[in-house]
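Structure, as structure tokens:
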Amino acid sequence: EVNINELNTLIEDFLSENLKDKNNFKLIAYASSGNPRRFLNLLDKVRQEENLTKLKLTAIIREHSKNELWEYHDKLVQGNIDLRGYAEIGRKFIEDYVIPKLQDNNKKVRQKKVRTISIESEVNEDFKRLLRTLEYSGIINFTKSQKTTGDNLGNYYSLNLSLCFSENILKVEEMGKTDTRRGLSFTANSPIIKEYTDKILELLSSDCPKCTGKFNKNDKFCPNCGNDLRNIESVFDRMLSHRVDSLKIYLVANTIKSKLKESFLTIKDLIDAEDSELLKITHIGPKRLAYIKIAIRDYISG
């Protein structure tokens with residue numbers, strides 16, 4: 001492991017004048033949400049700027065959110081009929097509902113800002129899959145499970161920081177003032193959950209990969225060209241079936257990776273595992289667990 005003083009020296013040598021402003025550096029670090037690849041991409045873009053202003057930096061992060069973060073999310077539906085509704089409606093749920101609500105909330109609140117949503121665990125399976133799709137692409141990050149306002153168990157998710165900054169939900173100086181216990185809260189029977197679930201079901205009618213004609217979820221053959229739809233394999237499911245050693249897990253030693261492979265055969269096994277199962281493996285703590293989740297997300301999103 002690199003000595004922290006040596007690491008600081010390396011960073012200092014690497015930084016341009018633009019990045020010697022601690023607030024600029026913090027903003028880039030937060031906006032990458034712990035993803036090393038995104039951090040380096042943002043760092044490189046900022047280093048190339050002359051006379052960096054706060055406005056330019058915000059524009060870079062906004063462009064990153066639009067062209068990189070959402071691009072990873074949208075790749076999940078390319079050639080994947082099964083995920084189309086979940087990914088597309090998931091994006092609408094975030095852009096058309098969650099972001100405006102968080103913006104409105106944080107304009108009214110002076111002290112603790114929020115970037116969290118909580119959803120009861122008993123929500124319908126289609127909406128659960130929508131959330132999983134958003135989580136795989138890094139749009140939201142699972143933070144914890146605990147009782148919600150209705151005393152039912154709920155899952156808490158935080159919105160990607162890059163989106164929070166680019167959509168003016170948070171300012172970098174407000175990062176230490178966020179309230180993870182509050183945010184948008186949804187019951188399993190919430191009208192919003194029903195509305196977006198209905199939108200998912202509408203999109204489960206998709207285009208035939210051969211003639212682009214419409215077909216329904218339960219059709220075995222395309223009603224327009226007769227194409228056999230029964231053997232269309234989900235790209236997503238195929239990726240989940242790959243072995244754990246397909247993952248590139250940064251900052252995790254090979255000995256730990258070997259122990260990981262002893263307990264989990266496929267990427268799906270790893271995704272389905274509870275955090276507590278992973279934390280039982282020697283030398284895996286919260287930080288390394290986060291690196292593992294980043295590796296899964298990067299692998300699936302391409």
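Source: prediction; values computed, not measured.
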Does atom [atom1] of [X] have more than 12 heavy-atom neighbours from other groups under 6.0 Å away?
{"X": "N124", "atom1": "CG", "result": "yes"}
{"X": "K194", "atom1": "NZ", "result": "no"}
{"X": "E122", "atom1": "CD", "result": "no"}
{"X": "K128", "atom1": "NZ", "result": "yes"}
{"X": "K92", "atom1": "NZ", "result": "no"}

Open item on the list: If the threshold is 4.0 Å, N to carboxylate O, is there a salt bridge linking R132 and E135?
Closed with: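 The answer is no: the pair does not qualify as a salt bridge.
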
Task: SB check E195 K199 (cutoff 4.0 Å) - done: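 Here E195 pairs with K199 in a salt bridge, since their nearest N and O are under 4.0 Å apart.
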
TODO: Indicate, with yes or no, if L260 and L265 share a hydrophobic cluster defined by side-chain heavy-atom contacts under 4.5 Å among Ile, Leu, Val, Met, Phe, Trp and Tyr.
DONE: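 Result: no, two separate clusters.
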
Task: ring-ring contact (aromatic ring centres under 6.0 Å, His included) partners of residues 110-131, not counting sequence neighbours, each pair once - done: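 Every ring-ring contact (aromatic ring centres under 6.0 Å, His included) pair that includes a residue of residues 110-131, provided the two are not neighbours, is F93-F127.
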
Open item on the list: Just so I know, are the side chains of W70 and E95 near enough to count as touching, which here means a heavy-atom distance under 4.5 Å?
Closed with: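 Yes, side chains in contact.
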
- [ ] Would you check if N155 and I119 make a side-chain contact, meaning some heavy-atom pair closer than 4.5 Å?
- [x]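 They are not in side-chain contact.
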
Task: Among V244, I249, I281, side-chain contact (heavy atoms from CB on, under 4.5 Å) partner for I292 - done: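 Checked V244, I249, I281 against I292; only one passes side-chain contact (heavy atoms from CB on, under 4.5 Å): I249.
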
Open item on the list: For a side chain to side chain donor-acceptor pair (under 3.5 Å) check, start with the C-alpha distance between Y157 and N141, then their side-chain angles and the critical distance, and finish with the verdict.
Closed with: CA-CA 5 Å; Y157 303 88; N141 299 294; over 6 Å; no

Task: Residue of the set K144, K280, K293 for which side chain to side chain donor-acceptor pair (under 3.5 Å) holds with D275 - done: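 Of the listed options, the one satisfying the test is K293.
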
